[in-house]
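Worksheet: the structure to be examined is printed underneath.
Indexing begins at 1, ligand by ligand and atom by atom, following the structure's order.
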Amino acid sequence: MKTPDYIHFTDTPAETLQKVLTDLAPDKVAYLVDENTQKHCLPLLGLPEDSLVIAIKSGEKHKTLDTCQHIWEQLTTAGFSRKSLLVNLGGGVIGDMGGFTAATYKRGIRFVNIPTTLLAAVDANIGGKLGIDFMGFKNHIGVFQDPDAVIVSDIFLKTLPARELRSGFAEVIKHGLIYDQKYYEQTSASDFPDLDWNDVIRQSIAIKGAVVAEDPREGGLRKILNFGHTLGHGIETWYLNASKSLLHGEAIAIGMILEAYLSYKTGKLSLQEVNAISDYLTGIYGTNELPPLDEVMKLMGQDKKNVGSEIRFSLLERIGACLYDVTVSAEWIRESYKFYENLK
Ligand SMILES: NC(=O)c1ccc[n+]([C@@H]2O[C@H](COP(=O)([O-])OP(=O)(O)OC[C@H]3O[C@@H](n4cnc5c(N)ncnc54)[C@H](O)[C@@H]3O)[C@@H](O)[C@H]2O)c1
Ligand SMILES: [Zn+2]
């Protein structure tokens, strides 16, 4: 598997960033951070005092048009031209929103992502999907565009709260389940969080990179990355709208259990395999309250992956392989809910 060539793995991100900036030769550079990455990650870049830092409030609830406006204003005030560049230093929120503001400012300026969460390193920063939430719907407004560089280092994970690390790990589990049985077996054999994160990040990026390279615009194969995300996104959105706390990966962990069960209903996975997957996931994530199913179904109706009114799923064909565009009955979804509720 070939890793996209704009990705730089490094133990010395400050040096790598300087090399990348020398190559890209922008006329101006700004650094987008939130309060946590400003405190914990920005000092690791060893920047001059007078660097232009745009700081926003952390969290998904700030991944909005209002925050974009604030960023565009800062870029405008600083006299950013089409030769300028934005460095997004943070998790998936900073990467998605910073990329979106860069890709739309003056019809697009260059940007570099430096992921500081596991989720951003293995998933959000790879594959060119940029965007913001709108009217209560996740990633509702956005564009596709690859960053000019992604600088990846596990050094940033040292200050990441354990709950955030665990959240990002859900995507790692997903990568094994949908694409690479050996990787799944290898990661699930170790006790989380005692893993070699450098190695995990490389393997996950290679998997996501390979899938995206084959199908950048999600016409087909890329949809397998949505395993666990159809119901998972609905659940995440419900929690977000209810101002209750559930991280992306925590929602996806629930979604993967529900959708593993749906994979069993389609005759692909055995019930034994579903039980093994759900034992592994609940061992790490516990169980959470499920939102009312009719509300999740309504939210799923807005899913960008839908065609017309039909809701389509990406379901496991076996451990290490995934099918996409599978339609399932509402009855099976109800059953999957019951399966999850009985895990408690
Ligand atoms: N574009 C894509 O393909 C894609 C894929 C998956 C997820 N996403 C998006 O990613 C977002 C979630 O990303 P996330 O989980 O990284 O969330 P996040 O960006 O909100 O970061 C999580 C928290 O960790 C803090 N933080 C970040 N790095 C830190 C560090 N090194 N030390 C201490 N604290 C740190 C942040 O300030 C924040 O409070 C969602 O908006 C989701 O939609 C996008
Ligand atoms: Zn995800």
Please tell me whether Trp197 and Phe169 form a close aromatic pair, meaning their ring centres lie under 6.0 Å apart.
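For Trp197 and Phe169, the ring centres are under 6.0 Å apart.
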Do the ring centers of His70 and His62 come within less than 6.0 Å of each other?
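No; His62 has its ring centre 6.0 Å or more from that of His70.
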Under 4.0 Å from ligand 1, counting heavy atoms only: the protein residues, by chain and number
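Lining ligand 1 at under 4.0 Å, by heavy atoms, one finds Asp34, Asn36, Thr37, His40, Cys41, Ser58, Glu60, Lys63, Gly91, Gly92, Val93, Asp96, Thr116, Thr117, Leu119, Asp123, Ala124, Lys129, Lys138, Asn139, Phe156, Thr159, Leu160, Pro161, Glu164, Lys208.
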Would you check if Cys68 and Met97 make a side-chain contact, meaning some heavy-atom pair closer than 4.5 Å?
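SC-SC contact between Cys68 and Met97 confirmed.
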Between Ile205 and Asn125, is any pair of side-chain heavy atoms under 4.5 Å apart?
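SC-SC contact between Ile205 and Asn125 ruled out.
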Is Phe144 atom CZ crowded by more than 12 heavy atoms from other residues, nucleotides or ligands, each under 6.0 Å away?
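Check passes, neighbour count above 12.
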Tell me who clusters with Leu119, hydrophobic residues only, linked when side chains sit under 4.5 Å apart either directly or through other members.
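Besides Leu119, the hydrophobic cluster comprises nothing; the residue is isolated.
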Applying salt bridge (Lys or Arg N to Asp or Glu O under 4.0 Å) as the test, list every pair that has at least one member in residues 70-94; sequence neighbours left out.
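As it turns out, there is no salt bridge (Lys or Arg N to Asp or Glu O under 4.0 Å) pair with a partner in residues 70-94 once direct neighbours are skipped.
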So which protein N/O/S atoms does the Zn ion (ligand 2) have within less than 2.8 Å?
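Within the sphere that stays under 2.8 Å of the Zn ion (ligand 2), the protein atoms of type N, O or S are Glu171 OE2, His229 NE2, His248 NE2.
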Identify whether NZ of Lys or CZ of Arg in Arg312 sits under 6.0 Å from the centre of the six-membered ring of Tyr324 and within 45° of that ring's axis.
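That pair does not qualify as a cation-pi contact.
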Ion pair Lys129/Asp96, N-O distance below 4.0 Å
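No, no charged N to carboxylate O under 4.0 Å.
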